[in-house]
Amino acid sequence: MRLVIFDVDGTLVDSQDDICAAMGLAFSGVGLEAPGRAAIKGIVGLSLPEAMAFLAPEKAEQHSALVGGYKAAYISLRAEQGAKQSSPLFKGAKRVLDRLKAQDETLLAIATGKSRRGLDKLIEAHGLGGYFHSEQVADHHPSKPHPSMITTILHETGLAAHQAVMIGDTTFDMDMARAAKVKAIGVSWGYHDADLLDADALVQSFEELPDVIDRLIGEHP
């Protein structure tokens with residue numbers, strides 16, 4: 001058996017525009033200048049309280065309002081377009097997920113900084129119900145790069161760290177994998193500079209993933 005764990009934003013789906021727009025609305029809602037796109041991309045993957053602390057370190061008294069404003073803005077933006085349009089799957093993602101899901105010895109899981117509500121909406125929109133044996137969200141864990149999400153996934157699936165690989169686009173994903181002692185695959189199409197990802201392997205497209213997974217945690221028969 002083997003376990004393939006996916007990050008969501010920047011790895012499976014491209015939610016960059018909605019994240020940046022929601023962050024801008026959250027900051028303007030409390031009278032602050034919005035961070036630049038590069039700064040916002042830099043915090044994708046963190047839980048919202050940690051993200052706001054990073055983006056507005058001198059405004060601790062407004063972090064709670066920023067979190068609330070972001071959540072409201074993101075929900076509103078998603079409602080306008082629908083989750084499938086506002087957070088489309090990256091090219092090749094569904095095809096590779098289908099291929100991995102069809103392998104009896106491969107279990108799929110999610111470790112994301114999204115909320116439970118946000119992940120449920122996304123899974124429903126893209127028809128991914130039943131794909132993942134474990135879904136870990138920000139509501140129930142410390143922020144990445146704490147290994148809690150991965151260790152919980154390992155516990156729920158009954159697999160060991162050497163049987164698992166984490167796939168993500170940020171340094172937070174790579175550091176989380178390392179803390180949990182699982183292999184890490186970085187993707188080049190996400191929100192952090194690929195050159196900064198200290199991964200066991202780096203892929204340029206979803207089509208490369210199955211072979212790299214085989215190499216790192218054992219081949220599919």
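When a residue number appears, it is its place in the shown sequence, counting from 1.
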Would you sort out whether His126 and Leu12 count as a side chain to side chain contact (heavy atoms under 4.5 Å, CB included), showing the intermediate values? CA-CA 11 Å; His126 289 293; Leu12 287 177; over 6 Å; no

Locate the shortest heavy-atom distance separating [X] from [Y]; write the atom from each residue and the value.
X      : Y      : value
Pro142 : Met149 : O-CE, 4.5 Å
Ser86  : Gln81  : CB-NE2, 4.1 Å
Asp104 : Met1   : O-CE, 3.9 Å
Ile110 : Ile153 : O-CD1, 3.5 Å
Arg2   : Gly218 : NH1-O, 2.6 Å
His192 : Val44  : NE2-O, 4.4 Å

Any salt bridge (Lys or Arg N to Asp or Glu O under 4.0 Å) involving residues 31-51? Give me the pairs, sequence neighbours left out, ordered by first then second residue.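 Qualifying pairs: Asp17-Arg37.
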
So salt bridge (Lys or Arg N to Asp or Glu O under 4.0 Å) across residues 144-161, not counting sequence neighbours, yields Asp7-Lys144, Lys144-Asp173

Which residues share a side chain to side chain donor-acceptor pair (under 3.5 Å) with [X], sequence neighbours left out:
X      : result
Ser115 : none
Asp175 : Arg178
Asp120 : Arg116

Transitively linked via ILVMFWY side-chain contacts under 4.5 Å: [X] with [Y]?
X      : Y      : answer
Met174 : Val212 : no
Ile167 : Val8   : yes
Leu216 : Leu154 : no
Val4   : Met166 : no
Leu3   : Val96  : no

For a side chain to side chain contact (heavy atoms under 4.5 Å, CB included) check, start with the C-alpha distance between Val165 and Asp200, then their side-chain angles and the critical distance, and finish with the verdict. CA-CA 10 Å; Val165 64; Asp200 294 292; over 6 Å; no

Salt bridge (charged side-chain N to carboxylate O under 4.0 Å, His left out) with Glu124: which residues, sequence neighbours excluded?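 Partners of Glu124 by the salt bridge (charged side-chain N to carboxylate O under 4.0 Å, His left out) criterion come out as none, since no residue qualifies.
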
Does Tyr131 have any ring pair (Phe, Tyr, Trp, His ring centres under 6.0 Å) partners at least two apart in sequence or in another chain, and if so, which? none

Mind checking what makes ring pair (Phe, Tyr, Trp, His ring centres under 6.0 Å) contact with Tyr191, not counting sequence neighbours? none

What I'd like to find out is whether the side chain of [X] reaches to under 4.5 Å of the side chain of [Y], using heavy atoms alone.
X      : Y      : value
Arg117 : Ile75  : yes
Phe27  : Ile40  : no
Thr157 : Gln163 : no
Arg99  : Gln103 : yes
Thr106 : Ile213 : no

Quick one: side chain to side chain contact (heavy atoms under 4.5 Å, CB included) partners of Ser76, sequence neighbours excluded? Glu80

Suppose we screen for side chain to side chain contact (heavy atoms under 4.5 Å, CB included). Which residues come up paired with Ala83, at least two apart in sequence or across chains? Arg78, Leu122, Ala125

What I want to find out is whether Asp211 reaches Arg215 closely enough, with some N-O distance under 4.0 Å, to be called a salt bridge. no

Please tabulate, one pair per line, all N/O donor-acceptor pairs under 3.5 Å involving side-chain atoms of residues 179-188, not counting sequence neighbours.
from: Ser188; atom 1: OG; to: Val203; atom 2: O; distance (Å): 3.3
from: Ser188; atom 1: OG; to: Gln204; atom 2: OE1; distance (Å): 3.1

Distance from [X] atom [atom1] to [Y] atom [atom2], nearest 0.5 Å?
X      : Y      : atom1 : atom2 : value
Glu208 : Leu202 : CD    : CG    : 8.5 Å
Asp169 : Asp193 : CG    : CG    : 11.5 Å
Asp214 : Leu209 : CG    : CG    : 10.5 Å
Thr112 : His141 : OG1   : NE2   : 11.0 Å
Phe6   : Phe132 : CZ    : CZ    : 7.0 Å
Met176 : Thr171 : CE    : OG1   : 11.0 Å

Short question: side chain of Ser15, backbone of Ser87 - any donor-acceptor pair under 3.5 Å? no

Between Tyr74 and Asp18, is the side chain to side chain contact (heavy atoms under 4.5 Å, CB included) condition met? List the steps. CA-CA 7 Å; Tyr74 195 89; Asp18 275 359; 3.8 Å; yes

Which donor-acceptor pairs under 3.5 Å do the side chains of residues 54-71 make with protein atoms, sequence neighbours left out?
from: Gln62; atom 1: NE2; to: Val30; atom 2: O; distance (Å): 3.3
from: His63; atom 1: NE2; to: Ala56; atom 2: O; distance (Å): 2.7
from: His63; atom 1: NE2; to: Lys59; atom 2: O; distance (Å): 3.4

